[in-house]
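Here the structure is a predicted model, which means the values were calculated and not measured. Sequence lines set the chain letters: A, B, ... in the order given, protein chains first and strands last, and positions in each chain run from 1.
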Amino acid sequence: MTPGGQPTILHADLDAFYASVEQLLDPTLRGIPIAVGGGVVLAASYEARAFGVTGGMSGRRARQLCPALRFVGGHFHEYQRLGDEVMAVFRDFTPLVERISIDEAFLDVAGAITLFGSPIGIATSIRRRVKDEIGLPISIGVAGTKHLAKIASQVAKPDGLVVVPIGQEREFLNPLPVGLIWGVGAVTRTRLAGVGVRTIGELAETPNSYLRHLLGSAAGDKLSSLATNVDPRRIQTTRSAHSVGAQAALGRRVVTPDLTRTTLGYLADRVGGRLRAAGVAGRTITVRVRFADLRAVTRSITVPAALSATLTLTEVATALADVALADHPHEREITLLAISVSQLVDQASLQLELPLELQDSERRPGTRTGAARWVVDRSVDLIRSRFGRDAIGYASVKFADVGHVPDGFRELAEHAPE
DNA sequence: TCTGGGGTCCTAGGACCC
DNA sequence: TCTGGGGTCCTAGGACCC
């Protein structure tokens with residue numbers, strides 16, 4: 001923030017992104033309620049939102065609320081392409097762009113004022129260019145901090161611009177519901193409502209010690225700092241992932257060794273491929289099992305040498321799932337399996353660890369070494385990059401019937417907007 | 001409400017070390 | 001043998017976000 005000056009942090013957020021892209025690509029969809037997705041609504045146009053349709057809602061529920069709702073297929077590559085184009089517009093004004101998903105970003109325009117004029121002028125120009133050159137509606141919040149700019153862009157929606165002048169933060173925030181605060185979801189909102197706190201103004205009057213008691217120290221401090229308008233977070237132009245994961249919802253399936261091995265093999269294949277593509281490997285492997293009542297448990301292990309080989313990940317994940325299942329012997333059905341790999345390290349440093357992994361596998365005659373597995377995986381990755389994902393794979397994985405979620409959907413979910 | 005997938009961050013307890 | 005603080009790492013669970 002610029003003390004005593006003008007706010008220079010922008011939060012720019014495309015409106016109903018997937019749905020807006022569909023309406024851009026197909027003019028017959030404009031002005032009518034549409035939803036992207038099928039079983040689950042990924043995005044709803046504003047015409048659909050008027051009926052109460054929201055992202056994350058089941059398709060059946062959405063149809064009940066809005067019988068005229070049109071479901072449209074996802075043009076996943078178009079979403080990525082247009083999202084990239086919008087980011088390029090941002091970068092025409094400042095290099096300080098922090099993209100936080102496919103369709104939203106923070107910008108710090110303090111250094112762009114001499115070239116392009118006031119932050120408000122820049123925000124106006126961005127909105128006009130995104131509309132004229134790309135054809136998409138976008139909302140922008142302008143404020144002194146990231147937190148405040150994000151709240152302002154939500155207030156600006158749809159297709160609007162909201163500025164919070166320095167010194168007027170309290171007047172702006174006080175009447176707003178606490179749910180607009182980033183990090184306040186259904187649970188926290190309910191807990192706050194239980195003690196009579198519904199607006200940010202009421203939150204600001206609540207002592208920090210009481211918030212810490214109610215919500216825990218970190219959440220309490222965070223809410224207090226918002227109330228006093230302290231937010232030291234800078235714009236980060238590069239952010240590296242802390243974990244890579246994949247999951248598969250299974251419906252209700254009776255758990256068998258074959259089911260877990262096959263599904264985890266498929267997931268390990270995806271995760272391993274993405275780790276290797278990013279040039280990283282991970283030391284902590286976590287498996288999540290969800291039972292029929294939607295209760296989920298996790299089991300994890302941290303190994304000395306970072307992993308990215310598909311078969312090794314499969315073996316570790318299978319062993320972890322066995323532990324989780326053994327701890328819940330009365331659960332006969334599961335509804336989801338997931339693998340996540342964290343404690344990521346660069347593959348360059350992984351090379352140093354390979355002899356360790358090699359030693360380990362040498363104690364198990366008949367298994368291929370970690371190094372050999374890594375080489376095989378790299379070959380598979382290369383072939384796939386040229387001929388497509390289905391060109392090659394481990395037999396047990398290739399024929400798994402767990403891949404019914406389209407790959408485009410999965411790639412998209414890595415940056416999902418809603 | 002029950003037809004998703006991929007992430008981040010926080011808490012709390014225990015092991016272990018100094 | 002008992003008491004104690006500080007720090008790090010690991011594991012399990014949960015809230016939240018897009």
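- Within the 4.0 Å cut-off from OP1 or OP2 of C/dC10, not a single side-chain nitrogen or oxygen of A/Thr284 is found.
- Under the 4.5 Å side-chain criterion, counting only non-hydrogen atoms from C-beta, A/Val97 is not in contact with A/Ile235.
- In this structure, the nucleotide among B/dG5, B/dT8, C/dC18 sitting nearest to the side chain of A/Ala249 is B/dG5.
- Here A/Ser217 reaches the OP1 or OP2 of B/dT11: one of its side-chain N or O atoms lies under 4.0 Å away.
- Side chain of A/Arg299 to main chain of A/Ala321: no donor-acceptor pair is present (N/O by atom type, distance under 3.5 Å, no hydrogens or angles).
- Checking A/Glu22 against A/Tyr79 by side-chain atom types alone, a donor-acceptor pair falls below 3.5 Å.
- For A/Thr335 and A/Arg290, the side-chain atoms include at least one donor-acceptor pair closer than 3.5 Å.
- For the side chain to side chain donor-acceptor pair (under 3.5 Å) with A/Glu78, the qualifying choice from A/His75, A/Arg81, A/Gln80 is A/Arg81, the only one to do so.
- Residue contacts shown for A/Lys222 are absent, as no nucleic acid heavy atom lies under 4.0 Å away.
- Here A/Gln343 reaches the OP1 or OP2 of C/dC10: one of its side-chain N or O atoms lies under 4.0 Å away.
- Of the possible polar contacts, one joining the A/Lys146 side chain to the A/Arg234 backbone as a donor-acceptor pair under 3.5 Å is found.
- Pairing for C/dC18 goes to B/dG5, judged as Watson-Crick or G-U wobble with the two contacts each under 3.5 Å.
- Residue-level contact check: A/Ala338 touches neither bases nor backbone, having no heavy atom under 4.0 Å from any strand.
- Taking the nucleotide of DNA chain B with the nearest heavy atom to each of A/Leu336 and A/Ser240, the more 5' of the two is matched to A/Leu336.
- Contact annotation: A/Arg299 side-chain N/O to C/dA12 OP1/OP2 distance is under 4.0 Å.
- Between A/Ser58 and B/dC2 there is a side-chain polar atom (N or O) within less than 4.0 angstrom of OP1 or OP2.
- One finds no side-chain N or O of A/Thr298 lying less than 4.0 angstrom from the OP1 or OP2 phosphate oxygen of C/dA12.
- Nucleic acid contact for A/Arg283: sugar-phosphate only, since backbone atoms but no base atoms lie under 4.0 Å from a heavy atom of the residue.
- Residue-to-nucleotide proximity on DNA chain B shows that, of A/Arg290 and A/Ala218, the 5′-proximal contact is made by A/Arg290.
- Phosphate proximity of C/dC17 to A/Ser101: absent, as no side-chain N or O sits under 4.0 Å from OP1 or OP2.
- At B/dT8, none of the side-chain N or O atoms of A/Trp182 fall inside 4.0 Å of OP1 or OP2 (strictly under the cut-off).
- For the pair A/Thr302 and C/dT11, the criterion of a side-chain N or O lying under 4.0 Å from OP1 or OP2 is met.
- Side-chain N/O atoms of A/Arg189 include none lying less than 4.0 angstrom from OP1 or OP2 on C/dC16.
- When heavy atoms are screened at a 4.0 angstrom cut-off, A/Ile100 is found touching no nucleic acid atom at all.
- Heavy atoms of A/Thr188 sit under 4.0 angstrom from primed sugar atoms or phosphate atoms, though from no base atom.
- Residue-level contact check: A/Gly39 touches the bases, meaning some heavy atom is under 4.0 Å from a base atom.
- Backbone-only engagement by A/Ile181 is indicated by non-hydrogen atom pairs under 4.0 Å involving sugar-phosphate atoms exclusively.
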